[in-house]
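Structure, as structure tokens:
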Amino acid sequence: QVQLTESGGGLVQAGGSLRLSCAASGRSFRSYAMAWFRQVLGKERESVASIGKSGDSTHYADSVKGRFTISRDNAKNTAYLQMSSLKPEDTAVYYCAARMYGSLSSDAMDYWGKGTLVTVSS
């Protein structure tokens, strides 16, 4: 069992930056690929970024490429999402999720956090 807790959300002006953290409790954090998703009320959850178990492989949605950076520290059981040049359309609840094997699509993740709200004002 893995419990995920996001933090770092808040209100920021357009063009600003935030760093989200996802702290994992339980065993074997390094055994899980990690991903960040976001969801706007009334819309489907969308993938933002993912990172492999050792941190050597990352993927980004086109909408955040060049602005967001995903990383992880296996010694601290924590994954991060550094968000820069934020836009109002980045406003959403951001979730981290873990998957041991296979697809990192939204419907395939093994564990989810409860989310943290990011609001970007124009």
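Numbers here simply count residues along the sequence, with the first being 1. The structure displayed is predicted, hence computed values, not measured ones.
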side-chain contact (heavy atoms from CB on, under 4.5 Å) involving S122 - partner list, sequence neighbours excluded = P88
Can you name the residues that form a side-chain contact (heavy atoms from CB on, under 4.5 Å) with S25, not counting sequence neighbours?
-> Q3
Inter- and intrachain pairs under ring pair (Phe, Tyr, Trp, His ring centres under 6.0 Å), touching residues 37-77, at least two apart = F37-W112
Please determine whether residues [X] and [Y] belong to a single hydrophobic cluster, defined as Ile, Leu, Val, Met, Phe, Trp and Tyr linked transitively by side-chain heavy-atom distances below 4.5 Å.
X	Y	answer
Y95	I51	no
M109	M34	no
V93	Y111	no

Can you check whether D73 reaches Y80 side chain to side chain, under 4.5 Å on heavy atoms?
-> yes
Min side-chain heavy-atom separation F29-K76 under 4.5 Å | no
If I compare all heavy atoms of [X] with all of [Y], which pair ends up nearest, and what's the gap?
X	Y	result
L104	S50	CD1-CB, 3.6 Å
A24	L4	CB-CD2, 3.7 Å
S21	T78	CB-CG2, 4.2 Å
S105	D107	OG-OD1, 2.7 Å

Residues that, via side-chain heavy atoms closer than 4.5 angstrom, fall in one hydrophobic cluster with V40 = none
Any pair with a residue in residues 29-81 that passes disulfide bond (SG atoms under 2.5 Å apart), sequence neighbours left out, goes on the list, sorted by first then second residue, please.
-> none
Please identify each residue that fulfils side chain to side chain donor-acceptor pair (under 3.5 Å) with [X], with sequence neighbours left out.
X	result
Q39	R45
S71	none
N74	R72
S57	none

For K65, enumerate each residue passing the salt bridge (Lys or Arg N to Asp or Glu O under 4.0 Å) test, keeping only those at least two apart in sequence or located in another chain.
-> D62
From V118, T116, I70, residue fulfilling side chain to side chain contact (heavy atoms under 4.5 Å, CB included) relative to L81 | I70
Output the distance between atom CD (E46) and atom OG (S63), rounded to the nearest 0.5 Å.
-> 5.0 Å
When the side chains of residues 5-19 are checked against the rest of the protein, which donor-acceptor pairs come out under 3.5 Å, sequence neighbours left out?
| residue | atom | partner | partner atom | Å |
| --- | --- | --- | --- | --- |
| E6 | OE1 | K114 | N | 3.1 |
| E6 | OE1 | G115 | N | 2.8 |
| E6 | OE2 | C96 | N | 2.9 |
| E6 | OE2 | G115 | N | 3.2 |

Is the backbone N or O of T91 less than 3.5 Å from a side-chain atom of T119, with the two atoms forming a donor-acceptor pair by type?
-> no
Within residues 86-100 or reaching into it, pairs that qualify as salt bridge (Lys or Arg N to Asp or Glu O under 4.0 Å) - sequence neighbours excluded | R38-D90, R67-D90, R99-D110
